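Heads up, the thing below is written out as structure tokens.
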Amino acid sequence: MAIALCLFALWLRLGRLRRFRLRAAIFIPASCLLWLCHTFGWGVLGVLAFSAEMIREHDRRKDAGSGHWVASWFRAGLHCIPLALPMLMMVLWRSGDHVTGQTTDWFDWHAKTQWLLMVLRDRWLAWDVAGAALLYLLLLKGMRDPAIEYSRNLALSALFLTAVFLLLPRIVFGSAYADMRLAPYVIAIAVIAIRPRRTMSLRHAGVLAALGLAFFLARMGGTTISYWMFAQDYRTELAALDKLPVGARVVSFVGYNCRNDWRMSRLEHLPALALERKLAYTNDQWSMAGAQLLTARYVVAGAFAHDPSQITTTRWCLREWWKPIGYSMARFPRDAFDYVWLIRTAPFDPSYASDLVPVWRSADGTSALLKVDHSKPAPDIADSELIPKRLLELRDLIRRKRAAEAAAAEKTKPAANPS
């Protein structure tokens with residue numbers, strides 16, 4: 001997104017200078033590189049560029065006496081053709097059933113409202129919500145203050161992004177939180193669309209500039225402190241990698257809870273650094289068709305081969321795939337892994353780890369690296385000790401239903417042709 005916003009500024013500058021051939025020559029490769037970084041940034045750049053071109057074309061045609069919006073829309077599309085090459089690459093990449101990806105969860109207004117409140121979400125609820133509230137008050141002031149106004153160009157870009165945010169489902173081509181990612185940039189573009197009118201006094205402008213600078217310094221200061229605290233967490237947990245051999249098979253369990261706490265731990269996918277730093281296999285990689293180019297094919301790991309098998313809780317959570325730490329420790333396939341990496345997990349029955357040898361442990365004891373002793377038998381724990389009775393009954397009901405459906409399908413299957 002940082003690259004996309006910088007490229008958008010360049011797009012506007014070259015358009016203002018009417019250097020359209022140079023812009024096309026630059027943005028054909030630039031759009032491909034941006035798409036390679038992340039499809040989302042490329043998509044946002046396309047929306048921003050199209051809206052900007054539509055305003056520019058409308059104003060140009062209006063000056064010539066033919067300012068029709070339909071014609072401006074068409075011309076804007078032509079100008080954006082240099083950004084379209086990644087679309088061909090996406091078609092080639094997704095040509096096949098195995099990479100189609102799921103697109104679902106449309107028009108979840110409750111979630112979209114939450115995303116708009118979370119545009120500055122980081123660590124401290126009151127601090128982050130207060131910052132977001134100030135931004136919304138600023139946008140309201142831009143509509144009512146006679147001394148300031150909205151740039152038509154950037155205001156239309158913000159409106160286009162708002163429309164995309166409202167229309168996007170939560171999951172697009174297997175990539176989750178597609179709409180949520182856009183929310184902060186809807187607000188960002190709307191904020192920078194505000195500009196002073198010619199009638200604004202120098203004193204008024206100075207006061208607004210000082211307030212904006214104070215807000216920026218406060219937020220950056222708070223974020224710096226927050227990230228320093230996150231860095232201490234990372235330094236503590238990543239000490240386990242010093243004890244991990246290259247190429248190890250690692251099952252990771254990260255402690256979580258059933259509540260959606262405002263403060264994010266930013267540890268949920270920390271185990272992926274074992275893949276990057278130690279060339280190790282870890283179980284926190286996504287496994288959604290079309291969502292990523294890396295594919296996990298470690299079948300022997302079973303249900304512990306992909307995200308969110310690394311998320312563990314103290315109990316079973318409603319409407320979530322997360323598992324309690326006790327269940328995960330007792331049920332992960334020992335033959336598939338050499339090491340267990342625990343990251344701030346809840347306490348569990350030691351008998352569930354009877355075949356594991358401690359290699360490293362954090363000072364507070366909530367994190368550890370354990371080695372699987374393949375010479376020892378895995379703990380024999382009954383399902384009744386790990387799963388509540390009501391969930392066992394539900395599981396058995398689902399299994400019986402599936403078996404009945406399979407039997408019915410077998411009966412209706414046409415008989416084989418004797419010839």
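Nothing here was measured: the structure is a model prediction, and the numbers come from that model.
- Side-chain contact check for Trp341 and Glu237: no donor-acceptor pair (N or O, by modelled atom type) lies under 3.5 Å.
- With hydrogens and angles ignored, the 3.5 Å screen pairs no side-chain donor or acceptor of Ser226 with any backbone N or O of Gly222.
- For Tyr339 against Val372, the heavy-atom pair with the smallest separation is N-CG2, 4.2 Å.
- Ala336 approaches Ala301 most closely through the heavy-atom pair CB-CA, 3.9 Å.
- A cation-pi contact, defined as under 6.0 Å to the ring centre and within 45° of the axis, links Lys323 to Phe304.
- What you find for Lys112 and Leu168 is that their closest heavy atoms are NZ-O, 2.8 Å.
- Between Ile3 and Cys37 the shortest heavy-atom distance is CD1-SG, 4.1 Å.
- For the pair Lys278 (side chain) and Leu244 (backbone), a donor-acceptor distance under 3.5 Å is present.
- Note on ring orientation: taking the six-membered ring where Trp is involved, the planes of Phe20 and His79 are tilted (angle from 30° to 60°).
- When atom types are taken as modelled, the side chain of Asp128 and the backbone of Asp122 share a donor-acceptor pair closer than 3.5 angstrom.
- Checked by atom type and distance alone, the side chain of His38 never pairs as donor or acceptor with a backbone atom of Met1 at under 3.5 Å.
- With Phe332 as the aromatic partner, Arg334 meets the cation-pi criteria of under 6.0 angstrom to the ring centre and within 45 degrees of the ring axis.
- Shortest non-hydrogen contact noted between Val300 and Pro333 is O-CG, 3.9 Å.
- Without hydrogens or angle criteria, Arg344 side chain to Ser265 main chain gives no donor-acceptor distance under 3.5 Å.
- A donor-acceptor pair under 3.5 Å is formed between the side chain of Tyr150 and the backbone N or O of Leu139.
- Judged by distance alone, the side chain of Thr313 and the main-chain N or O of Tyr256 form no donor-acceptor pair under 3.5 Å.
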Run the side chain to side chain contact (heavy atoms under 4.5 Å, CB included) test on Trp360 and Asp242 for me, step by step, so that the C-alpha distance in whole Å, both residues' side-chain angles and the decisive distance to 0.1 Å come before the verdict.
CA-CA 9 Å; Trp360 169 88; Asp242 296 336; over 6 Å; no

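- Panel note: side chain Thr312, backbone Pro324; no donor-acceptor pair is recorded below 3.5 Å.
- Within a 6.0 Å radius of CH2 in Trp109, other residues, nucleotides and ligands contribute more than 12 heavy atoms.
- Val340 is listed as a side-chain neighbour of Met329, based on a closest heavy-atom distance under 4.5 Å.
- Surrounding CE of Met264 are more than 12 heavy atoms belonging to other residues, nucleotides or ligands, all under 6.0 Å away.
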Side chain to side chain contact (heavy atoms under 4.5 Å, CB included) between Arg56 and Arg16, intermediate numbers included
CA-CA 9 Å; Arg56 192 183 60 78; Arg16 190 175 300 119; over 6 Å; no

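- Side-chain contact check for Trp115 versus Arg181: every heavy-atom pair is 4.5 Å or farther apart.
- Within a 6.0 Å sphere centred on CG of Asp380, other residues, nucleotides and ligands contribute 12 heavy atoms or fewer.
- Screening Asn283, Thr282, Asp338, Asp335 for a side-chain hydrogen bond (donor to acceptor under 3.5 Å, both in side chains) with Arg249, the sole residue that qualifies is Asp338.
- Using bins of under 30°, 30° to 60° and over 60° for the plane-to-plane angle, the ring pair Phe160/Phe50 lands in the tilted bin.
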Q. Is there a side chain to side chain donor-acceptor pair (under 3.5 Å) between Asp349 and Ser351 once you walk through the steps?
A. CA-CA 5 Å; Asp349 190 330; Ser351 64; 2.9 Å; yes

Run the side chain to side chain contact (heavy atoms under 4.5 Å, CB included) check on Trp11 and Leu83 step by step: do they pass? CA-CA 11 Å; Trp11 178 276; Leu83 301 174; 4.0 Å; yes

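- Residues meeting the side chain to side chain donor-acceptor pair (under 3.5 Å) test with Lys141, sequence neighbours left out: Asp145.
- Residue Arg259 places its CZ atom among 12 or fewer non-hydrogen atoms of other residues, nucleotides or ligands, all under 6.0 Å distant.
- The cationic group of Arg266 does not satisfy the cation-pi geometry with Tyr234, failing either the under 6.0 Å distance to the six-membered ring centre or the 45° limit from the ring axis.
- Closest non-hydrogen pair, Leu386 versus Trp316, comes out as O-NE1, 3.3 Å.
- Few gaps surround CG on Leu217; more than 12 heavy atoms of other groups in view lie less than 6.0 Å from it.
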Stepwise, does the side chain to side chain contact (heavy atoms under 4.5 Å, CB included) test hold for Tyr327 with Trp322? CA-CA 10 Å; Tyr327 180 92; Trp322 309 329; over 6 Å; no

